[in-house]
Participant: 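Could you have a look at this structure, given as structure tokens, before my questions?
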Amino acid sequence: MYRTHDCNSLRKADIGRQVSLAGWVNVTRDHGGVIFIDLRDREGLTQVVFRPEENAELAKEAHTLGYEDVIQVSGRAAARPPGTENPNLATGDIEVIPSELRILNRADPLPFPLDTEPQNEDLRMTHRYLDLRRPRLARNLRIRHRAAKATRDYLDSQGFVEVETPILSKSTPEGARDFLVPSRIAPGKFYALPQAPQQYKQLLMVAGVEKYFQIAKCFRDEDLRADRQPEFTQIDIEASFVMPEEIFSVTEGMLAAIFKAALNIDIKTPFDRLTYRDAVNRFGSDKPDRRFGMELVDLGEIFRESGFKIFRGALDAGGVVKAINANGFAGITIGQADELTEIAKLHGAKGLAFIKIENGEWKSPIVKFFSDAEKAALRSKLNIEEGDCLFFGADKWEIACEVLGRLRLRIAEMQDLLGRARSPSAPDWDFLWVTDFPLFEWSAEENKWNAMHHPFTRPKTEDMPLFESKKFPEVRAEAYDVVLNGVEIGGGSMRIYEPELQEKMFEALGISPEARQSQFGHLLRALRLGAPPHGGIAFGFDRVVMLICGEQSIRDVMAFPKNNRSMDLMTKSPAEVDPKQLRDLGIKPAKDKKL
RNA sequence: GGAGCCUUAGCUCAAUUGGUUAGAGCGCCGCCCUGUCACGGCGGAGGUUGCGGGUUCGAGCCCCGUAGGCUCCGCCA
């Protein structure tokens with residue numbers, strides 16, 4: 001037996017007991033005579049004391065111990081001499097006086113220290129197993145575990161059944177780029193790794209499972225971000241004979257259970273709801289961060305007859321004039337103004353007009369075009385006060401909203417409104433439903449309509465006539481997202497369960513009848529064999545855990561993440577393979593990768 | 001595909017406007033130290049300043065290119 005206790009369990013009551021501990025040498029304090037070792041395991045620290053007068057042999061060996069050596073000690077739990085107790089340590093009343101020391105494994109000097117935040121992320125990644133020994137990441141892994149367990153326990157309590165679906169799956173034309181796996185048995189053919197278990201879970205509804213969930217690995221071969229990895233985990237949920245309300249309440253219950261288990265926090269349910277239209281109109285985003293104000297204000301009424309041509313022109317063309325008021329931001333620097341102008345242009349604005357309110361004066365080249373009445377109306381509508389800074393968008397609705405939405409977020413960052421390093425116990429967990437998404441979005445690149453959510457999403461019943469008459473931009477979907485503090489953490493929809501409607505949807509998306517059969521034949525067939533009405537939702541589990549842990553990147557809540565370029569620096573994957581493996585698969589690498 | 005920031009010792013960082021032999025703390029090695037808890041003290045080793053080119057009497061610093069890392073845009077049904 002290596003140990004009788006972990007390194008966080010010995011207390012005053014254990015004094016005199018014979019104990020064994022095992023773990024890593026966290027730090028040594030070698031006084032030449034007496035030697036102190038802080039022994040660490042995943043639970044905590046215990047001080048081990050070697051004294052020459054007690055055991056000269058052991059003390060001599062203890063002199064050789066270094067950082068992260070793995071050792072086992074057996075001996076007696078003793079009271080610390082009065083005055084040397086350490087109140088900062090749970091085990092600070094006691095120490096272990098060993099009669100035995102086994103050095104289980106020596107450690108080389110470490111590539112980076114474990115007691116400070118390393119800056120060099122690729123160094124951390126190449127030695128990820130060391131990085132994970134650091135308390136922060138070790139804590140994150142355990143929070144993640146608790147969140148996953150709470151998910152399973154809660155959904156189980158609600159009658160949901162966890163079903164695994166295939167990883168070797170089939171490529172579908174819609175959506176993200178697939179990871180492909182070549183087939184050996186059918187040379188030239190490929191499996192695809194699932195972007196989501198979407199079709200399988202719908203087929204499980206046809207199978208009569210009624211309530212399904214899965215903590216599912218998903219794969220998307222797209223470029224990475226701080227909150228996007230090629231391989232990630234979803235909490236996937238689907239239920240039959242349900243309305244959106246029932247999905248909403250299961251979701252709220254589940255998230256409440258997760259936050260209770262992970263942080264012992266009671267989140268506020270039910271969540272507020274906002275339609276897509278309102279979200280974009282008020283916050284310039286379909287995943288609004290409502291933790292600070294600065295809402296978009298419509299100024300159409302004020303400038304309808306304005307002499308300021310830019311605003312008037314936008315309105316006459318059927319667009320909008322909107323503004324945000326950044327309170328106390330009149331001190332904006334030239335660099336900041338330039339950056340915001342860049343952002344505005346990048347997202348389709350022709351430029352960025354802003355007004356600084358300084359010393360009672362409105363400072364901006366555009367102010368001279370405003371009438372007194374317009375100024376007065378602005379003042380009241382935007383609640384303008386000394387020190388404010390106003391930013392305007394005059395454009396098509398979509399562009400004006402998006403630009404101001406982006407500016408709003410960047411300005412909030414500049415003003416540090418988001419409290420960058422938020423503590424996990426931060427009280428402002430702002431959950432929100434965004435509903436009534438458009439069913440379609442226009443792809444200028446492909447010159448066709450695409451499904452905004454996915455091709456199996458139902459149109460809202462009241463919008464069915466619009467769908468039938470092909471007024472695609474106006475059709476709303478029975479689709480919804482969950483947003484937490486401005487991060488989209490989940491989304492779902494009611495699905496199409498009627499084969500005729502599904503065919504019409506495919507038609508609208510420009511998928512030929514032949515392609516429908518080859519790509520979705522199994523689903524269309526299933527819809528003809530007794531498919532119940534159904535719908536569901538899926539959550540980005542990594543993102544939820546990231547927010548719970550107060551991390552800025554999902555890499556910090558994954559054990560072995562990939563870097564920016566989708567590489568695992570520890571195993572050095574992807575890597576070349578033996579030519580024989582390629583031969584078995586009937587694959588010949590192209591000489592010129594640009595082919 | 002594009003933009004920005006970054007790259008100096010094992011790690012974290014410093015190095016006036018371009019100017020002598022590129023420094024510090026931690027770690028590492030050696031010596032000393034019997035109640036510390038980030039123990040302490042003395043000494044030592046350790047650098048092609050990511051790489052390649054250019055400007056210059058002289059480049060860690062300026063310019064060009066390139067590699068890598070991170071962040072963002074595009075992309076992510």
Side-chain angles (χ1 to χ4, degrees), chain A residues 26-39 45-54 56 59 63 66-68 78 80-89 91-92 95 97 108-127 130 172-178 195-196 198-199 218-230 232 338-339 342-343 345-348 402 406 409-410 413 437 439-441 443-446 449-457 477 479 488 491-493 505 509 511 538 540 552-553 555 563-565 567 569:
Chain A
N26 198 62
V27 67
T28 68
R29 292 178 293 277
D30 186 340
H31 289 236
V34 67
I35 303 152
F36 301 96
I37 304 283
D38 284 347
L39 188 63
L45 294 175
T46 299
Q47 174 165 285
V48 179
V49 185
F50 295 91
R51 279 190 297 233
E53 66 270 24
E54 296 240 1
H63 283 300
Y67 285 105
E68 299 303 306
R80 291 195 181 192
T84 67
E85 301 88 352
N86 185 348
N88 301 319
L89 217 54
T91 59
E95 57 197 16
I97 317 275
D108 286 347
L110 303 180
F112 56 86
L114 302 187
D115 58 353
T116 56
E117 277 302 301
Q119 288 304 302
N120 198 336
E121 196 165 350
D122 46 331
L123 189 72
R124 290 172 54 196
M125 288 302 169
T126 51
H127 303 272
L130 273 186
T172 50
E174 301 278 314
R177 191 177 296 111
D178 286 315
Q195 298 175 24
Q198 182 59 36
Q199 292 187 51
C218 303
F219 307 86
R220 294 177 190 176
D221 190 5
E222 297 291 350
D223 287 346
L224 285 72
R225 291 284 189 282
D227 63 352
R228 269 167 34 192
Q229 284 269 307
F232 63 102
D338 287 348
E339 186 187 334
E342 275 309 304
I343 291 173
K345 286 181 177 168
L346 195 61
H347 292 94
E402 163 146 32
R406 300 255 179 190
L409 287 176
R410 187 68 191 108
E413 258 174 44
F437 279 82
L439 186 60
F440 296 99
E441 63 188 345
S443 167
E445 198 182 320
E446 298 167 273
W449 291 101
N450 281 340
M452 189 159 187
H453 186 50
H454 58 51
F456 318 114
T457 301
E488 179 198 329
S493 63
M505 185 68 190
L509 297 173
I511 301 173
Q552 307 286 326
S553 165
R555 292 189 298 273
N563 76 355
N564 237 355
R565 295 196 304 147
M567 297 205 282
L569 295 175

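Below, chain A is the first sequence line, B the second, and so on; all start at residue 1. None of the values given here were measured: they were computed from a predicted structure.
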Participant: Under a 3.5 Å cut-off for both distances, is B:U12 Watson-Crick or wobble paired, and to whom?
Facilitator: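 Pairing partner: B:A24.
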
Participant: For B:G30, give the paired nucleotide (Watson-Crick: N1-N3 plus N6-O4 or O6-N4; G-U: N1-O2 and O6-N3; both under 3.5 Å), or none.
Facilitator: B:C42

Participant: Would A:Phe112 count as stacked on B:C11 if the rule is ring centres under 5.5 Å and plane angle under 30°?
Facilitator: no

Participant: Counting only side-chain nitrogens and oxygens, does A:Arg29 get under 4.0 Å of the OP1 or OP2 atom of B:C39?
Facilitator: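 For A:Arg29, the contact criterion (side-chain N or O under 4.0 Å from OP1 or OP2 of B:C39) is met.
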
Participant: May I ask you to say what A:Pro111 touches in the nucleic acid, namely base, sugar-phosphate or nothing, with a heavy-atom cut-off under 4.0 Å?
Facilitator: sugar-phosphate

Participant: Could you check whether A:Glu53 gets within reach of a base, just the sugar-phosphate, or nothing at all, counting any heavy atom under 4.0 Å?
Facilitator: base

Participant: Look through every strand shown and name the nucleotide pairing with B:G65 as Watson-Crick or G-U wobble, where both distances are under 3.5 Å.
Facilitator: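 Partner of B:G65: B:C51.
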
Participant: Return the set of residues passing side chain to side chain contact (heavy atoms under 4.5 Å, CB included) with A:Asp221 (not counting sequence neighbours), or none when no residue passes.
Facilitator: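 A:Asp221: side chain to side chain contact (heavy atoms under 4.5 Å, CB included) contacts with A:Arg177, A:Phe179.
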
Participant: Is there a Watson-Crick or G-U wobble partner for B:C75 with both distances under 3.5 Å, and if so, which one is it?
Facilitator: none

Participant: Search all heavy atoms of A:Glu95 against all heavy atoms of A:Pro81 and return the closest pair with its distance.
Facilitator: OE2-CD, 3.8 Å

Participant: Testing the basics here: between A:Arg124 and A:Phe112, what is the closest heavy-atom pair and its distance to 0.1 Å?
Facilitator: CA-CE2, 4.0 Å

Participant: Taking the nucleotide of RNA chain B with the nearest heavy atom to each, does A:Leu346 or A:Arg220 sit closer to the 5' end?
Facilitator: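 The residue closer to the strand's 5' end, by nearest nucleotide, is A:Leu346.
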
Participant: By nearest nucleotide on RNA chain B, pick out whichever of A:Arg228 and A:Ser553 is the more 5' one.
Facilitator: A:Ser553

Participant: Quick one, A:Ile511 and A:Glu174 - any side-chain contact, counting heavy atoms below 4.5 Å?
Facilitator: yes

Participant: For B:C73, does either OP1 or OP2 sit under 4.0 Å from a side-chain N or O belonging to A:Arg225?
Facilitator: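 Result: yes.
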
Participant: Polar pairs (N or O, both sides) under 3.5 Å between protein and nucleotides 66-69 of chain B?
Facilitator:
unit_1: B:G68; atom_1: OP1; unit_2: A:Arg565; atom_2: NH1; d: 3.4
unit_1: B:G68; atom_1: OP1; unit_2: A:Arg565; atom_2: NH2; d: 3.1
unit_1: B:G69; atom_1: OP1; unit_2: A:Asn563; atom_2: ND2; d: 2.6
unit_1: B:G69; atom_1: OP2; unit_2: A:Arg565; atom_2: NE; d: 2.8

Participant: Search all heavy atoms of A:Met505 against all heavy atoms of A:Pro455 and return the closest pair with its distance.
Facilitator: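 Of all heavy-atom pairs spanning A:Met505 and A:Pro455, the closest is CG-O, 3.2 Å.
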
Participant: Side chain of A:Asn86, base of B:C37: donor and acceptor closer than 3.5 Å?
Facilitator: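 Answer is yes: a donor-acceptor pair is held.
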
Participant: Does a side-chain N or O of A:Arg410 approach OP1 or OP2 of B:C73 to a distance below 4.0 Å, or not?
Facilitator: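 For B:C73, neither OP1 nor OP2 has a side-chain N or O of A:Arg410 closer than 4.0 Å.
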
Participant: Taking atom C1' in both B:C31 and B:U49, what distance in whole Å separates the two?
Facilitator: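 It comes out at 33 Å once rounded to the nearest Å.
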
Participant: Hey, is A:Asp38 close enough to A:Arg29 for a salt bridge, meaning N to O under 4.0 Å?
Facilitator: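 Salt bridge: yes.
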
Participant: Expressed as a whole number of Å, how far does the P atom of B:G47 sit from that of B:C11?
Facilitator: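 Taking atom P in both B:G47 and B:C11, they lie 13 Å apart.
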
Participant: So which nucleotide does B:U36 pair with, by the Watson-Crick or G-U wobble rule with both distances under 3.5 Å?
Facilitator: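 Its partner is none (no Watson-Crick or G-U wobble pair with both distances under 3.5 Å).
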
Participant: Would you check if the side chain of A:His127 reaches a backbone N or O of A:Leu123 as a donor-acceptor pair within less than 3.5 Å?
Facilitator: no

Participant: If the C1' atom of B:C28 is compared with that of B:C64, how far apart are they to the nearest Å?
Facilitator: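 It comes out at 39 Å once rounded to the nearest Å.
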
Participant: Taking the P atom in each of B:G27 and B:G41, what is the distance between them to the nearest angstrom?
Facilitator: 11 Å

Participant: Detail all sub-3.5 Å separations between protein N/O atoms and N/O atoms belonging to nucleotides 22-30 of chain B.
Facilitator:
none

Participant: Ignoring backbone atoms, test whether A:Arg406 places a side-chain nitrogen or oxygen under 4.0 Å from the OP1 or OP2 oxygen of B:C73.
Facilitator: yes

Participant: Does A:His31 lie flat on the base of B:C39, that is, centres under 5.5 Å apart and planes under 30° off?
Facilitator: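 Yes.
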
Participant: Is there a donor on the side chain of A:Glu117 or the base of B:U12 sitting less than 3.5 Å from an acceptor on the other?
Facilitator: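 Result: no qualifying N/O pair found.
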
Participant: Can you tell me the Watson-Crick or wobble partner of B:C70, both distances under 3.5 angstrom?
Facilitator: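 Answer to the pairing question: B:G4, which forms a Watson-Crick or G-U pair with B:C70.
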
Participant: Are A:Phe36 and A:His31 close enough that their ring centers fall under 6.0 Å?
Facilitator: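 Ring-ring flag for A:Phe36/A:His31: true, centres closer than 6.0 Å.
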
Participant: Are more than 12 heavy atoms, taken from residues, nucleotides or ligands other than A:Glu117, located less than 6.0 Å from that residue's CD atom?
Facilitator: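 Yes, enclosed.
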
Participant: Say we look at B:A59 and B:A15: how far apart would their C1' atoms be, to the nearest angstrom?
Facilitator: 14 Å

